[in-house]
Amino acid sequence: MSLRVYNTLTNKKEDLEPVTPGKIGMYLCGPTVYKPSHIGHMVGPVIFDVVKRHLVYCGYDVTFVVNVTDIDDKLIVEAAKRDMTVAALAEEMTADYMNNLSAMGIDTIDHFPRATDNMQNIIDFISGLIEKGYAYESDGDVYFDVGKDAEYGKLSNRRPDDMQGEGGGTATRKRSPLDFALWKSAKPGEPTWESPWAPGRPGWHIECSAMSKALLGETFDFHGGGLDLVFPHHENEVAQSECLHGKPQANYWLHNGLMQAPDEVGKLGGRNTRTREEGEDDGQLVGDQDAQEAGKMGKSKGASAFSALLERHPAEAIRLLLISTHYRSPILFSEDEIRASAERLETFYRFFKRYERVTGDSFYELPLNENRDAGDKHLAGASNEATDFAGMFEELSALRQNFLARMDDDFNTAAAIGNLYEALGVLNRFIEEQKLEGAGKTNDAAQAALRNATITFRELAGILGLFRQPPQSASGANDEFVDQLMQLLIQIRADARKAKNFDLADTVRNQLTEIGVTLEDRADGTTWELKR
RNA sequence: GGCGCCGUAGCCAAGUGGUAAGGCGGCGGAUUGCAAAUCCGCUAUUCGCCGGUUCGAAUCCGGCCGGCGCCUCCA
């Protein structure tokens, strides 16, 4: 087994060779905490959460760092607008970010360094660059001298000659328009930190160079972020770090595709609109609603608060949507797409309930194989125990190999999800073939095999961060009072059916369907489910 | 203008030289009093268009059309 990753630096897939055998250091550029996070802020964390899970599964010891930029022009402006301190604003928005990460089940991040906690590291870094002649002070500001870096442009594949650089108010203090600020002297009223130059604050790019060095060393393995950060942010980071250290900052640069904002979807979607008009008969109203919704979101560029999105959609549906496309591709995002994703999830949830009916055990209580060796051993052992079911285990094993091979090849989550669906088919088919469902059906050997096979399924889903915890159930589903009422209705209908009064039975069922309750009749009774 | 990405079924989406994964939806069958759920089968002779390389191309090359991103501190 060898892992391959696509490296923005070389524009190629490369074999993974860690700096230190068995260990991986990864750094992801986090948010500037001046506003509540939106969906786009979750893309990187979800993807790299899966990356880390897969690496850990493969036996690596992984350190995952996500920084928080808590001092920046945008914070200063927003804090002034809201008449609060920059620190208080940063605190509020950092908490929002953390809540969202945790709602998304992202619990793999080891460090969240903040810029304001790293001032000495940043200042030392800048001093080092000045000493080596790569940076210069000008009027209390410090700038990186792009002209001194012969390799500048190698990450984003641009030549300095082709770039325009930023002009603006600081242009006169810079030797070249391409030079960028490492330290900005403060204007009156702005938060400041003492420095060898003027009191002020760090530039954005230098924070990441200093913090990644502090936590992961001068050269580490993965550096990630959105594609929009390749230039200038990451280009500048590379320049700073490599000029100071004389060695690579990160060996592999991984960049995720960006969210396609709803207003852009609208633009693309001449296509969407057309098919809708030509398509469904009842599409009229739906289409109008969608258009309205898209328009609303368009105004805010789809940047509505992520916490609000979480009130409308299950976190797991959002996670599935984000990993259903290869991480380097743009992700089509809309409320409809999330709903579709939630629908896809139902197939799995229904199996988990079925598993519970058949075995009496909760899917979520099954042991979770956290690494590849344990998974190999489990499956080999299970299949040896159950020679009668060799066919099923062979199928499952092939799917597992395929799943892992796809994950090994640049974290192809979208393809791997396909294997998950196929594995689900194997499990459901097994239940059918072995007739494990129904009152009084027991077959200990088959049940044990089902349990073992399901453990393997859970292991694979776990790599994607799926189905590790029970999902939040739809409102009402857990309410005991509601369930008692439902049992009453189910009893009435059962009596009607026994008396062959199917009109009454169907009336009960159809009316329930209309208010969003689905009934399922089984050999051993009727179950109900709330669908919203 | 410079750098780069994308165009695969009604929709979403894998696949970067060996004969089109998977999901949603749809159709047919098993099952069911009828449904729901589940299982089985079918649902792209073809990958924006045109040309080229090759025994062989969705995949490589050239051109064209259409969409998108970055080149101003957005993940």
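All chains are named by letter (A, B, ...) in the order of the sequence lines, taking the proteins before the strands, and each is independently numbered beginning at 1.
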Expressed in angstrom and rounded to an integer, what is the separation of [X] atom [atom1] from [N] atom [atom2]?
| X | N | atom1 | atom2 | value |
| --- | --- | --- | --- | --- |
| A:R406 | B:A13 | CZ | C1' | 12 Å |
| A:N67 | B:A75 | CG | P | 10 Å |
| A:L427 | B:A37 | CG | C1' | 16 Å |
| A:D521 | B:U31 | CG | C1' | 12 Å |
| A:M93 | B:A75 | CE | P | 14 Å |
| A:L436 | B:U38 | CG | P | 17 Å |
| A:L322 | B:C12 | CG | P | 17 Å |
| A:F333 | B:A13 | CZ | P | 14 Å |

Minimum-distance nucleotide to [X] side chain [options: [options]]:
| X | options | result |
| --- | --- | --- |
| A:H41 | B:C74, B:A14, B:C34 | B:C74 |
| A:F231 | B:C3, B:C70, B:A75 | B:C70 |
| A:R429 | B:C39, B:C12, B:G33 | B:C39 |
| A:E337 | B:C73, B:G15, B:C12 | B:C12 |
| A:R354 | B:U38, B:A14, B:C34 | B:U38 |
| A:K184 | B:A36, B:C73, B:C70 | B:C73 |

Please report the distance separating the [atom1] of [N] from the corresponding atom of [M], rounded so that it comes out in whole Å.
| N | M | atom1 | result |
| --- | --- | --- | --- |
| B:U8 | B:A14 | P | 11 Å |
| B:C11 | B:G25 | P | 16 Å |
| B:C49 | B:C6 | C1' | 16 Å |
| B:G52 | B:G15 | P | 29 Å |
| B:A37 | B:C27 | P | 13 Å |
| B:C68 | B:A13 | P | 16 Å |
| B:U45 | B:G10 | P | 9 Å |
| B:U46 | B:U59 | C1' | 14 Å |

Just wondering, more than 12 heavy atoms not from A:K35 lying within 6.0 Å of its NZ?
-> no
With a non-hydrogen cut-off below 4.0 angstrom, is [X] in contact with a base, only sugar-phosphate, or nothing?
| X | result |
| --- | --- |
| A:N428 | sugar-phosphate |
| A:G40 | base |
| A:L227 | nothing |
| A:D228 | base |
| A:E529 | nothing |
| A:T32 | sugar-phosphate |
| A:K74 | sugar-phosphate |
| A:P330 | nothing |
| A:R493 | base |
| A:G30 | sugar-phosphate |
| A:H255 | nothing |
| A:R328 | nothing |

A:N7 side-chain N/O to A:W253 backbone N/O, donor-acceptor pair under 3.5 Å |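 Checked: pair present.
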N/O to N/O distances under 3.5 Å, protein versus nucleotides 23-30 of chain B:
{"unit_1": "B:C24", "atom_1": "OP1", "unit_2": "A:T347", "atom_2": "OG1", "d": "3.4"}

Go through the N and O atoms of the side chain of [X] and the base of [N], and report whether any donor-acceptor pair is under 3.5 Å.
| X | N | answer |
| --- | --- | --- |
| A:N412 | B:G15 | no |
| A:K35 | B:C74 | no |
| A:R350 | B:A37 | no |

What distance do A:I76 atom CD1 and A:I71 atom CD1 have between them, rounded to the nearest 0.5 Å?
-> 4.5 Å
Interatomic distance, CD1@A:I318 vs CG@A:L309, rounded to 0.5 Å, equals 4.5 Å
Give me the one residue out of A:D96, A:T94, A:N99 that meets side chain to side chain donor-acceptor pair (under 3.5 Å) with A:S37.
-> A:D96
Check A:L399, A:N419, A:I463, A:D409 against A:L404 for a side-chain contact (heavy atoms from CB on, under 4.5 Å) and give me the one that passes.
->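 Of A:L399, A:N419, A:I463, A:D409, side-chain contact (heavy atoms from CB on, under 4.5 Å) with A:L404 is met by A:I463 alone.
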Pick out which of A:L420, A:L396, A:I417 makes a side-chain contact (heavy atoms from CB on, under 4.5 Å) with A:L460.
-> A:L420
Using the closest heavy atom to pick a nucleotide of RNA chain B for each, name whichever of A:P45 or A:Y327 lands nearer the 5' end.
->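 First, find each residue's nearest nucleotide; the 5'-ward one identifies A:Y327.
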Hey, which of these two, A:G425 or A:S329, hits RNA chain B nearer its 5' end, going by closest nucleotide?
-> A:S329
For [X] and [Y], test the side chains for any donor-to-acceptor distance below 3.5 angstrom and give the result as yes or no.
| X | Y | answer |
| --- | --- | --- |
| A:N428 | A:E432 | no |
| A:E237 | A:Y27 | no |
| A:T116 | A:R114 | no |

Can you label the angle between the A:F467 ring and the A:F363 ring as parallel, tilted or perpendicular, going by 30° and 60°?
->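 Rings of A:F467 and A:F363: perpendicular, over 60°.
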Symbol by symbol from the 5' end, with Watson-Crick or G-U pairs under 3.5 Å, [ ] crossing and | another strand, RNA chain B is ((((((((.[[[..)..(...]]]((((((.......))))))....[[[[[..)....]]]]])))))))....
Residue pair A:R493, A:D521: steps toward the salt bridge (Lys or Arg N to Asp or Glu O under 4.0 Å) verdict = CA-CA 11 Å; A:R493 178 166 165 274; A:D521 294 330; 2.8 Å; yes
What about the rings of A:F180 and A:H205, do their centers lie closer together than 6.0 Å?
->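 Yes - the distance between ring centres of A:F180 and A:H205 falls below the 6.0 Å cut-off.
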